[in-house]
Amino acid sequence: MAPLDFNAPTAAEAAEIRRRKAAITRHVRKQVLAELGLDGLPRRGERTLVTGAQGTGKSRTCAETIAGLPGGDLSFWWLVPSLEKAEEQVREYNRIRFTDSLLGRVVRGRGALDPRTEDGDAMCPRHKVVNRAAAMGVNVQKAICDNGCSLRFSCGFQRQATALREKPSGLFLMANDYAWLPCPAPRPDIVIVDESVIDKATDTVSFDPSRIVADELWAGGNLEEAMGRRCLALLVRAAVVDQPGRELAFLRERDVTVESVRQALRHLATREEAQPALDGAMSDKTIADILDAVEAREILKVLRLFRQIRRELPQPRARLNSVWFDPNAKVTVGGEVERQPRVFVSAVRTLRLAQEIPLLALDGTGSLALNRRIFGAGMTVERFAVPRDAEVWQVT
């Protein structure tokens, strides 16, 4: 293994240093768990939903409990609805914490204002194109930040990431979008989700139905395979557009199987436009142009359609629940509203929390069924209902 210069590492060496430190940490962690007899515990963390009346002190009880813990190497994530709420919550927590308690810190996204600048600069000056790329599945830290970005060692987001790596323990307050996004905070030992995230758990895209059968999506390989893929695409378009309410039944009648849809998915994932090739040395305009080209081809949207069909095809029902067709949908083109046929595909976003991480969700009126769909079928519920003993007068 090549030696590293720890005094003045290059970007590549810095990434290698982080990788080696992480490997050492994982190794030591395994040894400690084995010594304590905890290495054989289930690898699925407990997930609990706490419900009850608003204002009964669920959040404050959590804050007081964490403040009462000794410092150590613990890492808590506390997800709240907004960055403003995170700043409010961290002030409240740091006010009640003790000298040896975990320190509360706010984790800011790339588009958030950098608190160390006076001109209202964003944490990442390139956040507009970088966040667009991240939304399309690009690992922006690897592809852009660590790969030629001239702001790598000066932007607020990277400064924050470095500070978090150097002191990886504490209570980290952040917007709840980080349940689905790559987060610079250290890996959590426990996650608290404060207030409902149901409205952020799904994502919907739309596109013209003609894109389903576009030749460039299905070309490649030998001619017979390409023709087979396009025949499947024709059946999918017919099911979605012409068979409302019985899309799945139509596909089954034509002998469409989960395996055939899975093969189509594997093919779509190999199309060179499916994942844009970016690097940090590119200008923002160049990156934006590449992303525009990928969006225009809409491969990722068609891929999502086939992914939802693969998930729903085994279900004992006739219709698709997450896909629908509107022949007269409102679409904004060049600032003008037009009516066009559109296919809509809705999907639950993929949670970026490992299954073994325990999670506590605080939601006064939360639905266990909906939260299980997001956080896992093993989630349990604890309800703390405060009995009402009051007479209420409403006056208008």
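No hydrogens, no waters, no symmetry mates; every other heavy atom, side chains included, goes into these values. Residue numbers start at 1 and run along the sequence shown.
A donor-acceptor contact closer than 3.5 angstrom is absent between the side chains of R108 and Q160. Inspection of the N147 and K142 side chains reveals no N or O donor paired with an N or O acceptor under 3.5 Å. No hydrogens or angles considered: a donor-acceptor pair under 3.5 Å links the side chains of S59 and D194. In this structure, a donor-acceptor pair under 3.5 Å is absent between the side chains of T48 and E382. T162 and R165 are linked by a side-chain donor-acceptor pair at a separation below 3.5 angstrom, with hydrogens and angles left out of the test.
For the pair R110 and F157, the cation sits on the ring face: its NZ or CZ lies under 6.0 Å from the ring centre, inside 45° of the axis.
Ion pair R310/E259 not flagged as a salt bridge, since none of the NZ, NE, NH1 or NH2 atoms sits closer than 4.0 Å to an Asp/Glu carboxylate oxygen.
What you find for L248 and R319 is that their closest heavy atoms are CD1-O, 3.1 Å.
Taken from CG in L103 to CG in N94, the straight-line distance is 5.5 Å, to the nearest 0.5 Å. One finds the CZ atom of R252 at 5.5 Å from the CG atom of L313 (value rounded to the nearest 0.5 Å).
Checked by atom type and distance alone, the side chain of W78 never pairs as donor or acceptor with a backbone atom of C62 at under 3.5 Å.
Taking the six-membered ring for Trp and thresholds of 30 and 60 degrees, F344 and W324 have nearly parallel ring planes, at less than 30 degrees apart.
Legend: salt bridge (charged side-chain N to carboxylate O under 4.0 Å, His left out) pairs involving residues 223-234, not counting sequence neighbours, sorted by first then second residue: D215-R230.
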